[in-house]
2 protein chains.
Amino acid sequence: MKQREISAAVIRRLPRYYRYLGELLQNDVVRISSKELSNRMRVTASQIRQDLNNFGGFGQQGYGYNVEYLHSEIGKILGLDVQHNMIIIGAGNLGQALANYNFEKVGFNLIGIFDTNPRLKGVSVRGIEIYMMDMLDEFVATHQVDVVTLTVPKRQAVEIGHHLEEIGIRAIWNFAPTDLNVSEDVCVKNVHLNESLMTLSYEYRAMHTQDEESGRD
Amino acid sequence: MKQREISAAVIRRLPRYYRYLGELLQNDVVRISSKELSNRMRVTASQIRQDLNNFGGFGQQGYGYNVEYLHSEIGKILGLDVQHNMIIIGAGNLGQALANYNFEKVGFNLIGIFDTNPRLKGVSVRGIEIYMMDMLDEFVATHQVDVVTLTVPKRQAVEIGHHLEEIGIRAIWNFAPTDLNVSEDVCVKNVHLNESLMTLSYEYRAMHTQDEESGRD
DNA sequence: TAGATTGTTAATCGATTAACAATC
DNA sequence: TAGATTGTTAATCGATTAACAATC
């Protein structure tokens, strides 16, 4: 039952389908065609059908897709039906902000927060305790930790990433502005906020440059 | 001097080049070849040269690229040499965490934070005052506001996005888990954290599924 | 049944990689 | 000059779009 390797481009679109279908569901929409969904999402109907058919035929000719069923199936594809335990390393502003997020609804349970700052020792965020970093190895040995959210400064991130691999962590959600140098066996998802901002900067300028030019004609 | 439309794929890679070159610069590396850079960054040398040549010839045959010069040129392409004024709307955990970020080094100056919560009125984050939302229009009318960072709950985001367009804002860095329904004239950069986490969830499961299969043989 | 819409194959388009002549 | 490495063209690869037969 091995499924063909799915391209990253397809995977990146799945959460957005999931979100739109969730909204339709809330609005009690029962069925939707790829055409109608394509209008709302501003992608081609062809792309929607191609994307979905990477995973199987979820629709019905002449009818379209059942919203509830398709929503649920995409959830399963994304693994949202599986519970994961998560810890956050780095209880600075961003780490604490993320701790307050509600990632349980996509299957991630926060079970611990770690930092080196002794002033944070024993402090709780949303009922989750902040531990000192020297407790990390023991914690990981005695708890099922599936995913680590990494919100530490750049210079510590690479080292911690390496250590996480050594103690058996296999998934890292990395907010540090650096590439982690871990093996292929560890899946890393980077969120590089300053890179995001740089591309906004580029687009902003590109837009203005264009304005000037069209004004010039 | 109009340059051809550059693909989004290229633009997304520029900040990463910029970061690697910045690190080389800090390590006093003077020159680098596309080959050497490709080894470090794990992309092809061909792609590096193609990407850069979208914007001009920054290298020299037989020599490679001058690190300082290339770093600076990519910075200019990204518009990092231009100062932008930014405000944050939504002073919750994430908004305040972002307020503490140091985005000045990529050219973004935070000049105001807005929220509806009266308990935050007059509070300052890193010396930047939190204003009430009813002050927004006046603030935008009397200050140069180039970019808005939007960290409000989903249900307010669309409405505020629409309002921002009306009062002349042309760039939004959106953290709300929704698409903003603004015109093409506004550039929007979305940071959808839960979608990022969902793709991590997918990859994590895909990796484990593969393990089971290879174990089965 | 007739109409609608999928699943899927074929055509197109764009992005990546390879190759190499130009040139420092 | 000889060696190295770019800039750029050509080849390949993959992703998107179009088309349509299958079928509900």
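Below, chain A is the first sequence line, B the second, and so on; all start at residue 1. Bear in mind the structure is a predicted one, so any value in this text is a computation, not a measurement.
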Expressed in angstrom and rounded to an integer, what is the separation of [X] atom [atom1] from [N] atom [atom2]?
X       : N      : atom1 : atom2 : result
B:Gln47 : D:dG14 : CD    : P     : 14 Å
A:Asn53 : D:dT16 : CG    : P     : 15 Å
B:Leu37 : D:dG7  : CG    : C1'   : 16 Å
B:Arg31 : D:dA4  : CZ    : P     : 11 Å
A:Asn54 : D:dG14 : CG    : P     : 14 Å
A:Leu70 : C:dG7  : CG    : C1'   : 14 Å
B:Phe55 : D:dG7  : CZ    : P     : 14 Å
A:Ile11 : D:dA15 : CD1   : P     : 11 Å

**Message:** Over 60° means perpendicular and under 30° means parallel, so tell me whether A:Phe58 and A:Tyr69 are parallel, tilted or perpendicular.
**Reply:** perpendicular
**Message:** Is the ring pair B:His71/B:Tyr18 parallel, tilted or perpendicular, if the boundaries are 30 and 60 degrees?
**Reply:** parallel
**Message:** Under 4.0 Å, heavy atoms only, any strand: does A:Ser33 hit a base, just the sugar-phosphate, or nothing?
**Reply:** sugar-phosphate
**Prompt:** Which part of the nucleic acid, if any, lies within reach of B:Ser46 when heavy atoms closer than 4.0 Å are counted: base, sugar-phosphate only, or nothing?
**Reply:** base
**Asked** For D:dT12, what is the paired nucleotide under Watson-Crick or G-U wobble rules, both distances under 3.5 Å?
**Response**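 D:dT12 is paired with C:dA15.
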**Message:** Please name the nucleotide paired to C:dA21 by Watson-Crick or G-U wobble geometry with both distances under 3.5 Å, or report none.
**Reply:**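 WC or wobble partner is D:dT6.
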**Item:** Residue B:Arg49, side-chain heavy atoms: nucleotide from D:dT17, C:dC20, C:dT17 that is nearest
**Value:**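 Nearest to the side chain of B:Arg49 among the choices is C:dC20.
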**Message:** Given D:dT9, C:dT5, D:dA19, identify the nucleotide with an atom nearest to the side chain of B:Gln50.
**Reply:**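 Of the options given, the side chain of B:Gln50 lies nearest D:dT9.
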**Message:** Exactly one of A:Lys189, A:Arg19, A:Arg16, A:Arg13 should register a salt bridge (Lys or Arg N to Asp or Glu O under 4.0 Å) with B:Glu195. Which one does?
**Reply:**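 Only one option passes, and that is A:Arg19.
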**Prompt:** Does NZ or CZ of A:Arg40 fall inside the cone over A:Tyr20's six-membered ring, less than 6.0 Å from its centre and within 45° of the axis?
**Reply:** no
**Face-on cation placement of B:Arg31 at B:Tyr63 ring, 6.0 Å and 45° thresholds** = yes
Between N or O atoms, less than 3.5 Å apart, protein on one side and nucleotides 22-24 of chain C on the other: list the pairs.
residue: C:dC24; atom: O3'; partner: B:Gln60; partner atom: OE1; Å: 3.4
residue: C:dC24; atom: O2; partner: B:Gln61; partner atom: O; Å: 3.4

**Asked** Pick the nucleotide of DNA chain D nearest each of A:Arg13 and B:Leu52; which residue has the one closer to the 5' end?
**Response** B:Leu52
**Aromatic centroids of A:Tyr204 and B:Trp173 separated by under 6.0 Å** = no
**Request:** Indicate yes or no for a side-chain donor-acceptor contact from B:Thr149 to the backbone of B:Met86 under 3.5 Å, with no hydrogens or angles considered.
**Result:**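 Absent.
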**Message:** For C:dT5 and A:Ser34 - does any side-chain N or O of the residue sit under 4.0 Å from the phosphate oxygens OP1/OP2?
**Reply:**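 For C:dT5, OP1/OP2 do not have a side-chain N/O of A:Ser34 under 4.0 Å.
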